[in-house]
Amino acid sequence: MGCSKWRAAFNFGHLKVQSKLSVFFTMIVLFTYLFYCLNGYCDSLPRPVYDQQTHFTNKLFSNDGQDASTKQLGAYNASPVSFVREQLSDLGNSNVPSTNISIDNTFGSKKFPQAIIIGVKKGGTRALLEFLRIHPDVRAVGSEPHFFDRFYDKGLEWYRNLMPRTLEGQITMEKTPSYFITKEAPRRVFSMSRHTRLIVVVRDPVTRAVSDYTQTLTKSPGLPSFQNLAFRNATTRLIDTSWSAVRIGIYAKHLENWLRFFPLSRFLFVSAERLVTDPAGEMGRVQDFLGLKRVVTDKHFYFNQTKGFPCLKKPEGSSRPRCLGKSKGRPHPQIPSDVLLRLRDFYRPFNLKFYQMTGYNFGWD
């Protein structure tokens, strides 16, 4: 009887010790967890691999919106590695919750543009950029940043943050046509990088001026006639070079400003006329200039008779081809032939000088 009581007391005491030890170790674990969380360690834990893979898969096979169509079209002639590289670059530019895992190392980084389309307005810069975006090794800003002419005071870091993320071997680009005629732009671009490649899309300055006027007319229907704006005086018919539609077309003058900072070898002059009649050939020159493999070829284009310029063939999985918006290819108003001839005479000496400076005859005369 005495042994039974002693044994029961011993077992009861042993259980109490076990219970206390369990509570003690539980408290240690809880305090350790709280300590690491308060020091920010919990926030740095990566997301589950499954979540990352799911997010990547959704991006890879997304077919929503214009960008997805562009990427699929770019995969026509691109290698699978290049295509996946582009999808990873997009993923790095998406709104993924931030962690302490280096996004720069995983999905590329934001760089200053290695190439800029600097001009000219109504010359076909939007078409060129859209054609280039087919290439899997080109990453470009969709809208015009206007950094070197309007927002330079915001600083270079602000400008770089506008750029898409790129991986090794990819080129960052942007286009702002007004750079070509902005006096301060060459010095500012040179300060960023003297190695920047500069692309200028040029068009017959007379046709370009009429196109410029047409665009302004759609926004301001009460605009004076083309000839009233083009001439300082209707009797003497002196050309008003203060009118921007005329001033932009004096290409030689604007190029002189750029050549003070960059050698001619840093420029590529793209013919807007050839971009319409032979888009694949002109795109071949552009890809060579950028040091890219010739991925964009004649297989990507067809000529739209209604709009009067080439469009991109529809990518796989898309119901329609890709053409530029309604604002492109507007019908021009009728301008008196004698006005156009007077304007052509005005531009002729400037055109000849431009041919000499570039070493290329664009055939506008």
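Heavy-atom basis, side chains included; hydrogens, waters and symmetry copies ignored.
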Keeping Trp258 on the side-chain end and Phe180 on the backbone end, is there a donor-acceptor pair under 3.5 Å?
yes
> In terms of ring plane angle, is the pair Phe226 and Tyr213 parallel, tilted or perpendicular, where the classes change at 30° and 60°?
Replying inline: perpendicular
Anything under 30° is parallel, anything over 60° is perpendicular, the rest tilted; go ahead and classify His146 against Tyr179.
-> perpendicular
Quiz prompt | Geometric cation-pi criterion, Arg188 with Phe148: 6.0 Å, 45° | solution = no
Backbone N/O of Thr207 and side chain of Ser211: donor-acceptor pair under 3.5 Å: no
- Near-ring test Phe289/Phe267, centroid separation under 6.0 angstrom: no
Sorted by chain and number, sequence neighbours left out, salt bridge (charged side-chain N to carboxylate O under 4.0 Å, His left out) with Glu273 holds for none
Just by distance, do the side chain of Gln287 and the backbone of Val296 share a donor-acceptor pair under 3.5 Å? yes
I'd like to know if the side chain of Gln215 reaches the main chain of Asp212, judged simply by a donor and an acceptor atom lying under 3.5 Å from each other, with no hydrogens or angles considered. no
Does any N or O in the side chain of Arg348 come within less than 3.5 Å of the main-chain N or O of Leu343, such that one atom is a donor and the other an acceptor? no
- Anything under 30° is parallel, anything over 60° is perpendicular, the rest tilted; go ahead and classify Phe346 against Phe350. tilted
Can I get a per-line list of side-chain donor-acceptor pairs under 3.5 Å for residues 228-241, giving both atom names and the distance, sequence neighbours left out?
residue, atom, partner, partner atom, Å
Asn228, ND2, Ser225, OG, 3.1
Asn233, OD1, Thr235, N, 2.7
Asn233, OD1, Thr236, N, 3.2
Arg237, NH1, Asp338, OD2, 3.0
Arg237, NH2, Asp338, OD2, 2.7
Asp240, OD1, Ser242, N, 3.1
Asp240, OD1, Ser242, OG, 2.5
Asp240, OD2, Ser242, OG, 3.3

Discussion item. Any side-chain to backbone donor/acceptor pair from Tyr347 onto Val246? Under 3.5 Å, distance only.
Written reply: yes
query: Is there a donor-acceptor pair under 3.5 Å between the side chain of His300 and the backbone N or O of Thr297?
result: yes
Q.
Tell me whether Lys110 contacts the main-chain N or O of Arg165 through its side chain, where contact means a donor paired with an acceptor under 3.5 Å.
A. no
**Asked** What's the verdict on side-chain hydrogen bond (donor to acceptor under 3.5 Å, both in side chains) for Lys111 and Thr172, showing C-alpha distance, side-chain angles and the deciding distance?
**Response** CA-CA 7 Å; Lys111 301 181 180 70; Thr172 304; over 6 Å; no
